[in-house]
Amino acid sequence: MKRLSLLLLVPSLLVADPATLVRATDLKKEPATDAPTVAPLAEGARVETIERQGGWTHVRTPEGLEGWVRMLLLRLAGPGSSRQGDAGVAQLLNVARTGTSGTQVTTGVRGLDAEQLAAARPNAAELKKLEGYAASRDAAAAFAANGRLSAQRVEYPN
């Protein structure tokens, strides 16, 4: 009986989750920004997620095209997406099927408050390191010439 229930579970692990693109992007052949583009995808386009690799998700379009898009550009709409009440076995099945628990993680960045700005002190060692990245006028001119760039004078308003 255990074998039968396990066999019934396997097809559900292979089902792709529906998702929608939150903005227009290119469908890439491989999970890399410099990979060849398979096709452009419009904002709001529906896709099916197949697998996840790092910050990339392997997807299939309704037309049958397959490729990779950045994970943050997708809004999951199916069983693997975050749902209230998923716990225990349901969450475990989400992990087994989609590689995620269905829990959404948000990362934020906050600025400095007035006290932190007032208490700020320069770090001479870090400034010295930063100055090491500066290009000399001659190196910048050689780079511009190599890229066939020409100087443009920009007037600043008073």
Side-chain angles (χ1 to χ4, degrees), residues 13-84 86 91 93-158:
L13 298 177
L14 303 175
V15 174
D17 283 333
T20 305
L21 285 166
V22 295
R23 70 174 185 169
T25 189
D26 288 333
L27 183 65
K28 296 292 191 174
K29 186 175 182 176
E30 298 167 354
T33 53
D34 60 349
T37 297
V38 174
L41 298 174
E43 179 179 342
R46 296 185 182 274
V47 295
E48 291 182 347
T49 63
I50 300 169
E51 69 175 300
R52 200 174 116 203
Q53 184 177 345
W56 292 85
T57 303
H58 188 196
V59 299
R60 181 182 307 116
T61 68
E63 298 79 24
L65 296 174
E66 285 190 24
W68 296 83
V69 295
R70 299 290 279 162
M71 179 181 63
L72 295 176
L73 298 179
L74 293 173
R75 179 178 298 125
L76 291 176
S81 61
S82 179
R83 292 184 300 170
Q84 191 170 3
D86 269 1
Q91 194 169 29
L93 291 176
N94 278 340
V95 171
R97 185 170 45 76
T98 65
T100 68
S101 65
T103 303
Q104 184 175 6
V105 176
T106 303
T107 302
V109 178
R110 67 181 187 103
L112 300 174
D113 62 26
E115 285 182 35
Q116 290 169 320
L117 287 173
R121 300 288 176 256
N123 184 329
E126 289 299 314
L127 180 59
K128 183 82 170 155
K129 187 172 21 172
L130 181 63
E131 288 171 346
Y133 293 116
S136 69
R137 184 177 293 273
D138 290 340
F143 177 81
N146 189 36
R148 297 186 192 147
L149 303 174
S150 60
Q152 298 284 325
R153 183 153 184 82
V154 177
E155 296 297 328
Y156 290 96
N158 292 333

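Each residue takes its place number in the sequence, starting with 1. Keep in mind that this is a model prediction, so the values were computed, not measured. Heavy atoms only: backbone and side chains are in, while hydrogens, waters and symmetry mates are out.
- Side-chain contact between R70 and T25: absent, with no pair of heavy atoms (C-beta onward) separated by less than 4.5 Å.
- Between T37 and K28, the side chains place a donor N or O and an acceptor N or O closer than 3.5 Å (distance only, hydrogens not considered).
- Under the 4.5 Å side-chain criterion, counting only non-hydrogen atoms from C-beta, L65 is in contact with L27.
- Of all non-hydrogen atoms in A35 and E30, the two that sit nearest each other are CB-O, 3.5 Å.
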Check the pair V69, L41 against side chain to side chain contact (heavy atoms under 4.5 Å, CB included), reporting the backbone distance first and the verdict last. CA-CA 9 Å; V69 295; L41 298 174; 3.9 Å; yes
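- Among residues at least two apart or in separate chains, salt bridge (Lys or Arg N to Asp or Glu O under 4.0 Å) pairs with a member in residues 144-158 are R153-E155.
- Across every non-hydrogen atom of K129 and Y133, the tightest pair is O-CD1, 3.5 Å.
- Across A19 and T49, no two heavy atoms sit closer than the pair CB-CG2, 3.9 Å.
- Q53 has its side chain out of reach of H58: every pair of non-hydrogen atoms, C-beta onward, lies at least 4.5 Å apart.
- A salt bridge does not link K128 to E131: none of the charged side-chain nitrogens sits closer than 4.0 Å to a carboxylate oxygen.
- Between L74 and V59 there is a side-chain heavy-atom pair separated by less than 4.5 Å.
- Atom OG1 of residue T61 and atom CZ of residue R46 lie 13.5 Å apart, to the nearest 0.5 angstrom.
- Counting only heavy atoms from C-beta outward, the side chains of E51 and W68 approach each other to under 4.5 Å.
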